[in-house]
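What follows is a set of notes on a single structure, which appears directly below.
All heavy atoms count here, side chains included; hydrogens, waters and symmetry mates do not. Whatever order the structure lists ligands and atoms in, that order sets their numbers, starting from 1.
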Amino acid sequence: MQTFPETFSFTGPNKPERWEADIHDLEVEGEIPADLDGAFYRVQPDPQFTPLLGDDIAFNGDGAISMFRFRNGRCDFKHRWVHTDKWKLEREAGRALFGAYRNPLTDDPSVKGRYRGTANTTAFIHGGKLYALKEDSPAVVMDANTLETHGYTTFDGKMTGETFTAHPKIDPETGDMIAFGYASKGVLTLDMTYYEISPEGELKREIWFELPYYAMMHDFAITRDYALFHVVPSTSSWERLEAGLPHFGFDTTLPVYLGVLPRREGATAEDIRWFKRDNCFASHVMNAFQEGTKIHFDTPEAKNNMFPFFPDIHGAPFNPMEAASFLTRWTVDMASNSEAFDSVTRLTNMMGEFPRIDERYQGRAYRYGWMLVIDPAQPVELKGPSASGMLMNCLGMVDHATGAGQKWWCGPVSSLQEPCFIPRSADAPEGDGYIVQVCNRLEEGRSDLLLFEALDIAKGPIATIRLPLRLRFGLHGNWADGAVLDRMAA
Ligand code: V55
Ligand code: FE
């Protein structure tokens with residue numbers, strides 16, 4: 001019998017859901033284009049069991065994948081937990097065995113040394129495989145059509161790092177999946193690994209290197225010739241874990257680094273260049289690209305920590321004003337002899353996070369970006385679901401060519417989850433396609449999937465796909481083309 005705690009992470013809009021579901025032919029308002037063929041996958045943390053330690057944070061819930069399969073103007077829904085090793089061990093025991101987020105000292109002794117991963121951070125498609133990812137463990141492979149879990153992979157044993165990021169990229173020229181790991185020799189280690197994986201699933205390259213200090217290395221960026229690692233001081237130590245403090249704490253006294261690793265054959269840790277700037281907060285990256293000897297890196301930057309549940313290590317109270325993030329361009333020049341940044345430029349006055357692009361332009365000069373935007377001027381009647389209490393009430397688009405923005409507001413009793421771009425066809429121009437995103441209907445306790453014309457979001461959704469169920473706070477998701485899914489099913 002489960003009794004969840006009466007705390008922020010488990011009540012109201014953050015109440016656990018815990019179902020798996022199949023719904024054939026969802027109800028639709030508006031029209032799904034008849035030639036839209038493929039699937040949108042997204043993940044949400046959803047705890048299978050009452051937390052071992054009495055309370056928990058959203059980031060520690062068990063990953064559950066939703067699949068919206070579009071075909072012939074219709075949409076089918078499938079939703080399954082990722083059957084991680086943790087999920088299976090706990091199901092067998094009938095209770096939670098793993099304790100606090102990224103703190104193995106709090107686990108039941110029976111699971112010592114087992115993968116702690118929850119696979120709760122993204123659903124990623126590459127080489128016809130669906131990967132469910134959490135940055136503290138290797139990748140979990142699932143069947144992209146049935147959502148059956150195959151289990152953890154180390155790419156035929158070739159991956160020697162212990163972890164795999166939840167933010168891999170696909171190089172649009174090679175089709176390779178570019179990824180990394182941190183804490184690659186175990187919890188809190190400074191060691192990192194860079195990986196390149198072919199569409200056939202072959203690990204082609206693994207490079208080991210070290211961080212200037214331990215930090216949450218949540219996302220990164222690629223360009224044609226480089227991998228870029230931003231080191232932002234959400235940091236930790238064994239003292240924190242032994243004291244039972246949250247794994248990460250933010251240190252406003254440390255500088256921020258941008259590491260530039262050449263992707264060329266034979267590159268090693270010796271070839272990394274670390275650029276340095278003053279303290280700030282940045283987590284996700286919209287995109288990066290080269291321009292001559294300069295490298296541009298676009299990220300929502302905040303003055304201070306955005307994670308209230310990973311608090312200031314010196315005890316400063318969480319500051320919601322300073323947690324506001326704005327898309328900012330960090331530029332470094334490989335021709336300079338200095339470790340200083342070339343420039344830091346704010347690109348938009350829309351406050352937002354969860355940036356996305358037309359991924360055919362990954363690591364290349366690009367024009368369009370989309371993100372969740374907070375418009376504080378709009379009225380709010382209901383809030384959530386959320387890891388942090390932050391309200392995401394708009395979909396935003398930025399056009400780097402004109403500087404013009406577009407915004408669509410979801411109303412006072414709804415909130416939005418991360419957008420995902422779908423190209424209209426493989427050779428459509430940049431931005432020509434659709435945006436999908438989950439919309440939380442907080443008044444009805446239900447969710448919708450919204451479909452927009454990507455370059456005309458301001459007119460509102462062209463189709464609203466109605467779920468009779470409520471999805472939880474979700475992280476990241478991706479689109480898979482129908483031809484890829486049919487090939488995998490055959
Ligand atoms: C994030 C989410 C995570 C995590 C680390 O920035 C960072 C988001 C859902 O889990 O473990
Ligand atoms: Fe993320």
Matching residue for D107 among K112, K86, R116 - test: salt bridge (charged side-chain N to carboxylate O under 4.0 Å, His left out):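 One option only clears the test, and that one is R116.
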
For D171, the option from R360, R263, R205 that meets salt bridge (charged side-chain N to carboxylate O under 4.0 Å, His left out):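 Only match with D171 under salt bridge (charged side-chain N to carboxylate O under 4.0 Å, His left out): R263.
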
Angle in degrees, rounded to 10°, that NE2 of H218 and NE2 of H284 form at the Fe ion (ligand 2):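 Result: 90°, to 10°.
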
Angle subtended at the Fe ion (ligand 2) by H476 NE2 and H167 NE2, rounded to 10 degrees: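 The NE2/NE2 angle about the Fe ion (ligand 2) sits at 100°.
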
Test item: S234 side-chain N/O and G249 main-chain N/O as donor-acceptor pair under 3.5 Å: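 No: the side chain of S234 does not pair with the backbone of G249.
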
E6 (side chain) donor-acceptor with T11 (main chain) under 3.5 angstrom: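 It does not hold such a pair.
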
Near-ring test Y195/F155, centroid separation under 6.0 angstrom: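 No, the ring centres sit 6.0 Å or more apart.
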
For K169, the option from N287, D219, D176 that meets side-chain hydrogen bond (donor to acceptor under 3.5 Å, both in side chains):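 Of the listed residues N287, D219, D176, the side-chain hydrogen bond (donor to acceptor under 3.5 Å, both in side chains) partner of K169 is D219.
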
Amino acids contacting ligand 1, non-hydrogen cut-off under 4.0 Å: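 Residue list for ligand 1: F59, Y101, N120, T121, K134, E135, M216, H218, S283, F307, L475.
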
Parallel, tilted or perpendicular, as decided by the 30° and 60° cut-offs, for the rings of F289 and Y366: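 The arrangement is perpendicular - the two ring planes meet at more than 60°.
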
